[in-house]
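Just below is one structure, and these are the notes that go with it.
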Amino acid sequence: MSDVKVYDVLPDAAAKAHINDKQYQAMYAHSISDPSDFWAQQARNFITWFKEWDKVQDWDYYTGKTRWFEGAKLNVSYNCLDRHLASRGDQVAIIWEGDDPKVDKKITYRQLYEQVCRFANVLKERGVKKGDRVCIYLPMIPEAAVAMLACARIGAVHSVVFGGFSPESLKDRILDSGCQVVITANEGLRGGRSVPLKANVDKALTSCPGIHTVIVVKHTQHQPTWQTGKDIWYHEEVAKVSTECPAEEMDAEDPLFILYTSGSTGKPKGVLHTSGGYILYTAMTHKYIFDYHDGDIYWCTADVGWVTGHSYIIYGPLANGAVTLMFEGVPTYPDASRFWQVVDKHQVNIFYTAPTAIRALMGKGNALVEQTSRKSLRILGSVGEPINPEAWEWYYHVVGEGRCPIVDTWWQTETGGILITPLPGATPLKPGSATRPFFGVVPAIVNNEGEVLEGEAEGNLVITRSWPSQMRTVFGDHQRFIDTYLKTYPGNYFTGDGARRDKDGYYWITGRVDDVLNVSGHRLGTAEVESALVLHEKVAEAAVVGYPHDIKGQGIYAYVTLMADVQPSEALRKELINLVRSEIGAIATPDIIQWAPGLPKTRSGKIMRRILRKIAANEISNLGDISTLADPGVVDNLIETRSNK
Ligand code: WT7
């Protein structure tokens with residue numbers, strides 16, 4: 001890898017940037033040598049506190065105690081709204097671009113403030129109090145931002161569920177977090193098609209007796225099934241209440257939200273984030289990593305159903321008084337130049353998207369990009385999965401015309417904000433590398449025995465000390481938090497990712513080292529897909545692995561063993577695919593199902609996934625040691641029938 005291309009910091013980017021390389025070095029050194037002093041300064045700089053903290057940090061990677069700014073008081077919605085009113089009440093806060101290119105809307109900070117206050121009052125009238133959990137199952141419409149901020153305003157804990165998840169997944173999340181209220185829309189719109197959100201909620205609620213209220217945004221003309229008393233229209237309720245609602249004084253460590261994410265085992269975990277550290281870290285990273293300056297138009301294409309949407313569409317940007325663009329649609333509708341058309345239409349300066357979208361658009365040819373201007377663009381971002389150098393180069397040269405630094409930002413639902421990333425005015429770029437740690441972040445690479453590797457190294461990526469927006473616990477299961485993240489390499493936070501560090505200290509994320517898949521930047525546990533498959537009465541056993549996929553990054557490859565007297569068929573394959581879609585959602589659709597008369601197992605009965613991954617990737621020439629298998633013949637059979645997929 002010695003011939004890796006290096007792109008020096010662009011002179012224009014360096015001239016404009018908040019932080020140049022010298023400042024990065026100095027600030028990073030300060031953040032490591034005296035973290036409490038560093039974070040106290042940042043906390044005063046970025047956040048308005050009702051009362052300052054007693055102690056900046058207090059954490060322990062053995063017990064899983066994580067506290068930042070303990071004793072401090074603040075309100076996150078106050079930081080995103082109220083404090084901006086005097087200086088930028090009439091400035092646009094949210095530009096909303098609908099699925100239909102003819103439909104858009106601009107909302108100023110004052111309008112957003114009033115909508116949030118009104119909706120907070122509606123929640124209060126329905127009995128929602130500080131600490132209560134509220135489920136948000138909405139499309140990408142401004143009401144999603146309003147609902148999140150309204151919860152934050154009254155101290156309720158939101159749990160946003162991505163609108164692409166099935167009723168079954170929604171139900172699991174509602175039950176696990178103990179929500180009493182769901183906020184949804186009659187329908188969502190994506191790529192010209194409607195998504196039956198309210199109908200999905202109705203299905204989920206057949207087994208959620210705790211839900212007493214469903215607040216429905218009327219987004220299309222469709223009239224959903226209605227249960228008087230339980231179902232109420234958003235527009236009718238907000239019209240009845242006041243535009244003032246005092247912001248609840250919250251402790252820095254009071255919960256802000258729960259967001260479910262997949263792990264290597266069991267059902268998705270409720271990742272819990274709290275208030276003070278989270279809002280500080282997302283505001284600060286948003287400003288420095290995207291080099292946000294007042295008046296810039298910033299667009300992150302994620303969905304608010306994922307952490308990227310929470311931290312970098314809503315909380316970080318709004319805390320900074322930014323103009324944040326929310327897009328309801330998809331990159332390929334009405335055609336595959338939509339992203340660039342929206343960039344021109346709203347004069348977007350900073351654009352943040354996922355490698356899977358870049359690869360998909362790259363495949364449609366340069367003409368669709370080149371027919372647009374994109375002159376407004378200044379900074380490009382990437383998130384969600386490793387970006388391959390080919391896609392990076394295309395993004396840099398074709399989309400950015402060589403004028404815009406790319407920030408390849410590595411982070412996770414659990415980290416709350418970006419941990420490893422370039423800074424546009426400070427970091428020379430290497431295509432495919434997330435480069436260097438952000439302030440206060442100390443990554444390390446350990447081998448499987450847990451020994452820390454120095455210098456150039458490859459192994460498992462851990463973070464050796466806490467940072468303000470670290471997840472605090474798994475909701476309702478602190479032991480699972482400790483077991484998942486802190487037990488593997490004691491004294492460290494284990495990311496689940498593999499990484500390589502090069503001679504310049506740059507990090508290259510190599511992908512998950514556990515049984516977590518990353519399909520189009522969406523995270524899925526292999527165990528979740530397997531559990532869905534074995535629900536079918538004709539399925540005896542299933543093993544799911546990821547395999548390299550040109551556009552999705554990883555595809556889903558399922559090995560399925562049928563019950564003794566069942567014959568495989570096309571019809572059965574379709575049934576299984578539909579089963580997974582209805583259990584989890586369309587994002588979990590298996591790409592390949594291979595009928596497997598037997599699975600490779602050790603004598604103790606453990607499935608050897610390493611072998612299944614190799615067969616799926618068609619790397620059958622180096623299967624490694626298969627002598628420990630109970631029946632090595634199984635492997636030959638899987639290889640022979642592989643082409644029958
Ligand atoms: C996993 C976390 C963070 C917001 C979106 C995903 C992978 C994320 C990168 C990147 C290489 C990346 C990792 C990580 N990942 N960003 N820039 N380069 N890999 O959040 O759903 O919690 O997934 O996404 O494997 O562990 P998430």
Side-chain angles (χ1 to χ4, degrees), residues 12-13 16 80 84 88-112 115 139-146 188-192 219 286-287 289-304 308-309 311-354 357-358 361 364 368-383 395 398-401 403-407 424:
D12 287 354
K16 174 150 191 170
C80 292
H84 301 317
R88 54 177 99 237
D90 296 325
Q91 182 208 294
V92 171
I94 296 177
I95 300 176
W96 179 69
E97 169 79 9
D99 185 55
D100 176 344
K102 294 188 292 298
V103 178
D104 59 18
K105 200 190 305 193
K106 289 185 174 139
I107 300 169
T108 66
Y109 271 93
R110 191 177 319 283
Q111 290 166 334
L112 186 61
Q115 291 184 28
M140 282 292 288
I141 54 177
E143 287 82 355
V146 173
L189 289 175
R190 271 171 71 83
H219 184 49
H286 172 259
K287 175 166 172 175
I289 295 167
F290 300 105
D291 196 42
Y292 190 86
H293 293 261
D294 254 356
D296 280 344
I297 313 289
Y298 164 87
W299 179 18
C300 164
T301 69
D303 191 287
V304 292
T308 310
S311 301
Y312 298 111
I313 296 178
I314 310 294
Y315 287 116
L318 294 179
N320 288 335
V323 185
T324 181
L325 193 151
M326 244 180 127
F327 176 44
E328 184 186 20
V330 298
T332 48
Y333 177 83
D335 65 50
S337 77
R338 182 72 188 275
F339 272 178
W340 326 122
Q341 286 167 11
V342 174
V343 164
D344 285 351
K345 177 177 176 190
H346 297 294
Q347 291 295 291
V348 171
N349 306 112
I350 303 163
F351 177 75
Y352 189 30
T353 196
I358 298 166
L361 298 178
K364 308 273 180 193
L368 287 160
V369 186
E370 286 160 358
Q371 73 190 32
T372 63
S373 158
R374 286 158 289 108
K375 282 286 175 282
S376 58
L377 285 177
R378 205 179 88 237
I379 289 172
L380 301 173
S382 173
V383 62
Y395 198 25
V398 179
V399 176
E401 297 175 333
R403 293 177 291 107
C404 310
I406 297 180
V407 288

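Along the sequence shown, residues are numbered consecutively beginning with 1.
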Return the set of residues passing side-chain hydrogen bond (donor to acceptor under 3.5 Å, both in side chains) with [X] (not counting sequence neighbours), or none when no residue passes.
X	result
Glu370	none
Arg338	Glu97
Asp335	Ser337
Tyr395	none

If we ignore hydrogens and angles and just use 3.5 Å, is the side chain of [X] paired with the main-chain N or O of [Y] as donor and acceptor?
X	Y	result
Arg374	Val369	yes
Gln347	Asp344	yes
Trp96	Val103	no
Lys364	Thr332	no
Arg403	Leu377	yes
Glu143	His219	no
Asp296	Tyr298	no
Glu328	Asp99	yes

Please report the shortest heavy-atom distance between [X] and [Y], naming the atom on each side.
X	Y	result
Asp303	Met140	OD2-CG, 3.3 Å
Arg88	Asn320	NH2-O, 4.2 Å
Phe351	Thr353	CE2-CG2, 3.6 Å
Pro317	Ser311	CD-O, 3.5 Å
Arg378	Asp291	NH2-O, 2.6 Å
Tyr292	Val323	OH-N, 3.0 Å

Can you check whether [X] reaches [Y] side chain to side chain, under 4.5 Å on heavy atoms?
X	Y	answer
Val304	Ile314	yes
Lys345	Asp104	yes
Val343	Thr372	no
Gln371	Gln341	yes
His293	Asn349	no
Leu361	Trp340	yes
Cys300	Thr308	yes
Lys106	Gln111	no

Those residues that, when tested against Phe327, pass ring-ring contact (aromatic ring centres under 6.0 Å, His included) (two or more places apart): Trp299

Distance, nearest 0.5 Å, that separates [atom1] of [X] from [atom2] of [Y]:
X	Y	atom1	atom2	answer
Ile297	His346	CD1	NE2	9.0 Å
Leu318	Ile313	CG	CD1	10.0 Å
Gln91	His84	CD	NE2	8.5 Å
Tyr352	Thr324	OH	OG1	12.0 Å

Test side-chain contact (heavy atoms from CB on, under 4.5 Å) applied to Ala319 - qualifying residues, sequence neighbours left out: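 For Ala319 the side-chain contact (heavy atoms from CB on, under 4.5 Å) partners, ignoring immediate neighbours, are Cys80, Arg83, Ile279, Ala283.
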
